[in-house]
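See below for the structure under consideration.
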Amino acid sequence: MRVAVFASGSGSNFEAIAKSDELRNLGLEIELLVCDQPQAHVLKRAEKYHIPVFVNRLADYPDRNDYEQAIVDKLKTLKIEYVLLAGYMKVVTKTLLGAYPNRIINIHPSLLPKFSGLEAIERAFAAGDEVTGVTIHYIDEGVDTGPVIKQCKVVRLRNDTEANLEARIHQTEHQMYRQVILDLLNKNNEVAK
Ligand code: GRF
């Protein structure tokens, strides 16, 4: 299964996927990292795993359609089958969605539909929610909307700081993303039999 991962920042989710021997052995091939931020730390992580990168800035195109079309062209050249968003900070629009219908997966650090959008962990913490979590879903044209694949709860402990809670949410994310990809690989391998 040939995938591209899209990320804009640190890339801890990207690395959790890239370093998994289990996923690789089941047929996951990360052919490309797409990144819209030339200084992002995720680029260093890609280098570590020898994964090719496509650094593509919206500011270098006349509009978003041309920006996304350049990505689609690159993905099609590499015969990418699935797109995994992992902290990609751009809204995906119809150019990309149309090229990969039901094949773009996103991870979000809240129990959607609660706290969609930016700073989900901070807002859940500030709201004093005793339970928050992580959602993995197929995307549609909305912000953090689309069919849910998996949700897991993360409980806020009595003495949690925001940093502690955030660390546990990230741990949960890494396990969940690997599990969702594993399930997808197993399903695809079944169909191919
Ligand atoms: C994660 O919390 C993910 O849910 C959100 O962006 C963050 C990316 O973190 N969409 P990282 O760059 O993978 O460390």
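In listed order, ligands and their atoms are each counted from 1. Start at 1 with the first residue, then count along the sequence.
- A distance limit of 4.0 angstrom between heavy atoms and ligand 1 selects the residues Ser10, Gly11, Ser12, Asn13, Gly87, Ile107, His108, Pro109, His170, Glu173.
- Using a cutoff of 4.0 Å between basic side-chain nitrogens and carboxylate oxygens, Asp129 and Lys114 are scored as salt-bridged.
- Using modelled atom types, no side-chain atom of Glu31 and backbone atom of Arg2 make a donor-acceptor pair closer than 3.5 Å.
- Counting non-hydrogen atoms of other residues, nucleotides and ligands closer than 6.0 Å to CD of Glu162 gives a total above 12.
- Ionic pairing of Arg57 and Asp36 is not present here: no N-O contact between side-chain nitrogen and carboxylate oxygen is shorter than 4.0 angstrom.
- Salt-bridge formation is detected for the pair Lys48/Glu15: a Lys NZ or Arg NE/NH1/NH2 atom is positioned less than 4.0 Å from an Asp or Glu carboxylate oxygen.
- A cation-pi arrangement is absent between Lys150 and Tyr177 under the rule of less than 6.0 angstrom and at most 45 degrees off the ring axis.
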